[in-house]
Amino acid sequence: MGIAKNFFKKVKINMSELSTLLLEWFDLNKRGLPFRKNNKPYDVWVSEIMLQQTKVDTVIPYYNAWMKKFPNIESVSEASEESILKSWEGLGYYSRSRNFHKAAKIIKKNFNSKIPESWDDFRLLPGVGDYTAGAVLSIAFNKSYVAVDGNVKRVMARLTSRKKLSQYNLRFIKSKLLKYMDKNRTGDFNQAMMELGACVCSLRNPKCEQCPINKICNAYISGKPTEYPAKVVKKTIPSHIFVGGLIRVRNKILIQKREEKMLNGLWEIPMKKINNQKNLTKDFKNFIFNEYGITVKINKVFSAIKHSYSHFNMKLIVIDCEKTTSIAKKKNMYSWIEKNQINNYAFHKVNHKVFSLFKKKTWNV
DNA sequence: CACGCGTGGCA
DNA sequence: TTGCCAAGCGT
């Protein structure tokens with residue numbers, strides 16, 4: 001008496017048509033992305049960095065502004081850290097911009113400001129991983145490298161009916177892609193795989209009936225495409241309470257520059273994680289005195305602003321207060337600025353929520 | 001190698 | 001409302 005096997009039988013797929021079918025679809029259905037007009041190496045690279053874990057629609061305005069301000073490698077290599085961060089403000093994953101800044105300096109110094117075409121040189125630059133190297137080298141130079149992002153992993157997991165994206169399966173997937181990609185159009189092939197994943201072979205509701213390669217797809221034949229790849233269990237995200245202050249003196253407020261790994265180099269109002277709200281104002285006053293040597297008079301305590309980061313949720317209680325006395329003490333890098341100077345600094349997101357809250361309420365700085 | 005790293009959209 | 005995830009990389 002065997003166990004009933006109603007698992008579908010994996011079909012031996014002939015992938016020799018993959019490139020032809022895919023590119024035929026891509027030529028008719030590709031979106032006209034602004035960063036794919038001329039496929040110049042620098043343009044492609046900038047877009048690939050911005051597109052990491054970020055949606056196309058979010059990237060477009062940042063990309064256009066960046067290209068206007070930093071049209072080439074040399075302009076990036078000569079830019080200040082401040083102006084780089086200001087152009088990246090709000091886009092997230094700020095180390096991308098810091099790594100690109102470092103890479104531009106290396107390219108100016110070692111490669112005469114010309115983006116290297118060899119895998120070994122390009123892949124070693126800070127912020128360039130296997131995906132970005134493959135994408136840039138294939139799209140800008142038509143080199144035969146695969147670019148395997150989250151979309152491509154999902155498409156290939158379905159084509160080959162692999163539930164687990166183990167290192168072994170990923171190597172298998174890459175070898176198949178490399179074998180069957182159109183070597184005359186490697187950049188288009190890679191982008192077509194990604195576009196298919198984003199627009200047709202989507203995570204939740206794949207449009208299998210419209211898919212140009214459904215006849216060579218194991219997951220489609222199985223009738224349960226969303227079972228590939230299997231979902232991975234994620235860690236639950238903790239929540240933390242913070243207290244922060246809009247500390248005023250006359251028409252100015254106090255801001256500080258972050259020196260931690262997270263949001264490094266970005267500006268913020270003084271804020272601190274607290275364990276509970278029992279001694280909220282007392283904790284806040286102590287924090288401000290210990291950190292800046294400032295005593296404050298509290299005007300108003302606002303209800304919490306919520307903000308979600310990738311790995312924790314923040315409830316930020318903001319206190320409106322005025323500086324009463326101060327002693328000379330500088331632990332952090334900080335600055336007193338007027339309201340109209342806010343646009344001169346790169347703030348991280350939650351500060352803009354604070355500013356807009358105060359604008360609505362009692363903003364008379 | 002599993003985790004830290006931002007933000008916005010969408011179900 | 002809350003949770004999930006997106007053209008990944010560094011450690």
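Remember, predicted model here, so these are calculated numbers, not experimental data. Just so it is clear: chains get the letters A, B, ... in the order the sequence lines come, proteins before strands, and each one is counted from 1.
For the pair A:Lys163 and A:Tyr228, the cation-pi test (distance below 6.0 Å, angle within 45°) is passed. Taking the centre and axis of the six-membered ring of A:Trp45, the NZ or CZ atom of A:Lys40 falls outside the cone set by 45° and 6.0 Å.
Between A:Tyr94 and B:dT7 there is a side-chain N or O to OP1 or OP2 distance below 4.0 Å. When the side-chain nitrogen and oxygen atoms of A:His348 are compared with OP1 and OP2 of B:dG6, none of them lie within a distance under 4.0 Å.
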Legend entry - For DNA chain B, the dot-bracket pattern of Watson-Crick and G-U pairs whose distances stay under 3.5 Å, | for other-strand partners: .||||.|||||

Legend entry - Per-nucleotide protein contact string for nucleotides 2-9 of chain C, where B marks a base within reach and S marks sugar-phosphate only (heavy atoms under 4.0 Å, - for neither): S--SBBBS

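Counting only distance, with no hydrogens or angles, the side chain of A:His348 and the backbone of A:Met262 share no donor-acceptor pair below 3.5 Å.
Atom pair A:Asn205:CG and B:dA11:P shows a separation of 9 Å (rounding to whole Å applied). Taking atom CD on A:Glu89 and atom P on B:dG6, their separation rounds to 14 Å, with Å as the unit. Straight-line distance from the NZ atom of A:Lys261 to the C1' atom of C:dG10: 8 Å, rounded to whole Å. Rounded to whole angstrom, the span from the CD1 atom of A:Ile49 across to the P atom of B:dT7 amounts to 18 Å.
Note that CD of A:Gln191 and CZ of A:Arg31 are 10.5 Å apart. Values are rounded to the nearest 0.5 Å. Note: A:Leu196 CG to A:Leu22 CG = 6.0 Å, rounded to the nearest 0.5 Å.
Contact check on A:Asp27 versus A:Arg185 returns a salt bridge, with a Lys/Arg side-chain nitrogen under 4.0 Å from an Asp/Glu carboxylate oxygen. Under 4.0 Å is where a charged nitrogen must lie from a carboxylate oxygen, and between A:Glu78 and A:Lys108 at least one such pair does.
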Inset, instruction - Using the side chain to side chain donor-acceptor pair (under 3.5 Å) rule, take A:Asn169 and A:Arg162 through it: C-alpha gap first, then chi angles, then the decisive distance, then the call. - result: CA-CA 7 Å; A:Asn169 281 344; A:Arg162 311 255 154 171; 3.1 Å; yes

